[in-house]
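Only this structure's heavy atoms are used, side chains among them; waters, hydrogens and symmetry mates stay out. Order of listing sets the numbers, starting from 1, for every ligand and every atom in it.
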Amino acid sequence: MAKERTLAIIKPDAVGRGLTGEILKRIHEAGFQVIATKSMRLSKAEAEGFYAVHRQRPFFADLTDFMSSGKVVVLALEAENAIAKWRDTMGATDPAQAAPGTIRKEFGVNIQNNCTHGSDAPDTAAFELSFFFPSHDLL
Ligand code: CMP
């Protein structure tokens, strides 16, 4: 299979608890190549733009408050089957449902404060990568 790219975010709950290094270690151990990375704090408007697909959901206001509440680390990851592979490494959205050994199972607090984000399909990966990184950062 050809190499694929996905967008990963280490969320404010994980950065705030000092879990960035542990999560980066797991990314490397899983075999991803890190193509680009940045540390930043999203504005509320940026969080709303990033999660626009969820704007009708009841958790949208809380989610965008949370995602703009502190620093995040954003990564462009590459691997064979990267989208599914990163979702497997993270575990299910709700840490209570996540498989043993996954990031969300071990470190997630609840369905919102779930440590990490990952793109869910090729079209969302393309949108999400371009949301954070100009094309020359992804060469
Ligand atoms: P993420 O993978 O970043 O995608 C959307 C986010 O919304 C999700 O992780 C959670 O952090 C948050 N969220 C909060 N409540 C829910 C819910 N009930 N279902 C799905 N996602 C939720």
Side-chain angles (χ1 to χ4, degrees):
M1 182 177 177
K3 297 260 186 184
E4 184 177 62
R5 289 182 179 182
T6 193
L7 191 279
I9 303 177
I10 305 176
K11 295 185 178 185
D13 63 311
V15 174
R17 284 180 288 149
L19 292 170
T20 300
E22 172 64 30
I23 292 171
L24 291 176
K25 180 167 81 78
R26 287 166 180 247
I27 286 170
H28 287 291
E29 286 174 353
F32 291 99
Q33 188 181 351
V34 176
I35 303 298
T37 185
K38 67 168 79 170
S39 172
M40 64 186 294
R41 183 164 180 170
L42 290 167
S43 67
K44 172 84 170 166
E46 287 169 332
E48 289 171 346
F50 180 75
Y51 280 116
V53 67
H54 293 306
R55 63 187 170 279
Q56 304 298 343
R57 307 286 290 273
F59 56 81
F60 183 68
D62 285 346
L63 171 63
T64 52
D65 281 346
F66 163 59
M67 289 299 291
S68 57
S69 68
K71 278 206 158 188
V72 296
V73 176
V74 188
L75 303 112
L77 302 180
E78 184 175 274
E80 285 189 12
N81 213 13
I83 295 170
K85 184 182 173 78
W86 175 232
R87 294 178 73 78
D88 286 349
T89 305
M90 292 191 295
T93 304
D94 183 353
Q97 308 296 326
T102 61
I103 291 169
R104 285 166 166 168
K105 183 67 173 185
E106 293 200 14
F107 305 114
V109 175
N110 55 42
I111 197 168
Q112 176 178 274
N113 295 27
N114 61 357
C115 288
T116 51
H117 168 82
S119 311
D120 64 1
D123 57 339
T124 47
F127 165 74
E128 292 180 357
L129 288 163
S130 68
F131 187 92
F132 286 107
F133 297 111
S135 55
H136 60 261
D137 281 354
L138 297 172
L139 293 175

Where on [X] is there a heavy atom closer than 4.0 Å to ligand 1, on the side chain, on the backbone, on both, or on neither?
X	result
Arg104	side chain
Ile111	both
Tyr51	side chain

>> Please determine whether any non-hydrogen atom of Lys11 lies less than 4.0 Å from an atom of ligand 1.
In response: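 Per 4.0 Å heavy-atom rule, Lys11 contacts ligand 1.
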
> Of the options Asp120, Thr102, Thr6, which is the one that meets Arg87 in a side-chain contact (heavy atoms from CB on, under 4.5 Å)?
Replying inline: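 So, applying the side-chain contact (heavy atoms from CB on, under 4.5 Å) to Arg87 and each of Asp120, Thr102, Thr6, only Asp120 qualifies.
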
Looking only at atom types and distance, does a side-chain atom of [X] sit under 3.5 Å from a main-chain N or O of [Y], one as donor and one as acceptor?
X	Y	result
Arg17	Phe107	yes
Thr116	Ile10	no
Trp86	His117	yes

>> Considering non-hydrogen atoms of the protein only, which is the closest contact for atom 21 (N) of ligand 1, and what is the distance?
In response: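 Residue, atom and distance for the closest contact: Phe59 CZ, 3.7 Å.
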
> Please state which protein non-hydrogen atom is closest to atom 12 (C) of ligand 1 and give its distance, to 0.1 Å?
Replying inline: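 Of the protein heavy atoms, Leu63 CD1, 3.7 Å lies nearest.
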
> Of the listed options (His117, Met90, His54), which comes nearest to atom 1 (P) of ligand 1 when hydrogens are ignored and any heavy atom counts?
Replying inline: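 Selected option, by shortest heavy-atom distance: His117.
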
> If you count the atoms of ligand 1 from 1 in the order shown, which ones are under 4.0 Å from a heavy atom of Asn114?
Replying inline: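 Selected atoms, number and element: 8 (C), 9 (O), 10 (C), 11 (O).
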
>> Tell me whether Lys11 forms a cation-pi arrangement with Phe66, defined as NZ or CZ under 6.0 Å from the six-membered ring centre and within 45 degrees of its axis.
In response: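 Relative to the ring axis of Phe66, which defines the angle, Lys11 lies outside at least one limit.
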
> Quick one: CD on Glu48 to CD on Glu46, what's the gap to the nearest 0.5 Å?
Replying inline: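 Answer for the CD-CD pair, Glu48 versus Glu46, is 10.5 Å.
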
> Is Thr116 in polar range of ligand 1, meaning some N or O pair under 3.5 Å apart?
Replying inline: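 No: no nitrogen or oxygen of Thr116 is under 3.5 Å from one in ligand 1.
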
> Are His28 and Val34 side-chain neighbours, meaning at least one heavy-atom pair lies under 4.5 Å?
Replying inline: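 Contact flag for His28/Val34 side chains = yes.
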
